[in-house]
Amino acid sequence: MSVLAEQLDLPTLNEMFEASDPAKIVEWSAAQFADRLVMSSSFGAESALLIHMATRLKPDIKIIFLDTGYLFPETHLFMEQLRARFDLNVWTYRTRNDPIAYLHHAGEENPTWRKDPDACCAANKEEPMERAMRELAPKGWLRGIRRNQAETRKERQFIEWSPRYSCYVISPLLNWTGREIFAYMKKHDLPYHPLYEKGYASIGCNPLSCTRPITEGEDPRSGRWSGQGKVECGINLNNSLDSAGL
Ligand code: SF4
């Protein structure tokens, strides 16, 4: 029988996971949290990898997919393709805002550019995420972040407690590089997001201010909110934006 999640010895587990294969960490998570394990997916560039790894062990795992209202059409298509191929249990949480009305009320006159991306992410991405975590009330949340994606991710641990979501957050792919990702994708014949081959290494929403293709040598997240001093939408941060009134 697994111990209560709140009693987990994180330093020991993290030391062990540093030397573990990601699939073993997912396996441990499935055993530890059973039906209280969920995962999130942006259905982005390399999302098929963690989905494949997780559903091999837990075919019916709930997959949280946040629909901000501003995703690329290709992302919706990609999600449907993966859902059909792997019979995925996708739980789509949508923004409460009408996408056009939000732009109007927020004073965002240009639909292809956000003047205030923090406010837009809080209203259209963080609120649905917080709602998903409240409603699903997981004990463990699997996510696909990697340390080499951004400075903000270099200090992350394989398993952390999130006071914001009141659950453990497990990031099995932390130490993988693009090479290991590619090898796994190839071995299991997994597709990249259709925009990946057009230079989009990290894919979020479609305004050019939020996602652009990268050039050789740039880190994978440099195409997100480029030049705006923002590298995270906020759902992976521990601080809770007060989205209650949004
Ligand atoms: S990524 Fe851009 S469009 Fe999407 S929620 Fe954030 S600011 Fe809004």
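In each ligand, atom 1 is the first atom listed, and ligand 1 is the first ligand listed.
- Under the 3.5 Å distance criterion, with hydrogens and angles disregarded, a donor-acceptor pair is assigned to the side chains of Ser202 and Arg224.
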(request) Take Glu160 and Arg143 through the salt bridge (charged side-chain N to carboxylate O under 4.0 Å, His left out) test and state the conclusion after the steps. (result) CA-CA 12 Å; Glu160 299 174 312; Arg143 64 182 179 183; 3.4 Å; yes
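- For a distance bound of 2.8 Å, the N, O or S atoms of Cys120 include one lying that close to atom 8 (Fe) of ligand 1.
- Ring-plane geometry between Phe17 and Phe158 is classed as perpendicular, the angle between the planes exceeding 60 degrees on a 0 to 90 degree scale with a lower cut at 30.
- Between Phe65 and Trp91, the distance from one ring center to the other does not fall under 6.0 angstrom.
- Only side-chain heavy atoms of Cys210 come within less than 4.0 Å of ligand 1; its backbone N, CA, C and O stay farther off.
- If you number the atoms of ligand 1 from 1 as listed, the ones under 4.0 Å from a heavy atom of Cys205 come out as 1 (S), 3 (S), 4 (Fe).
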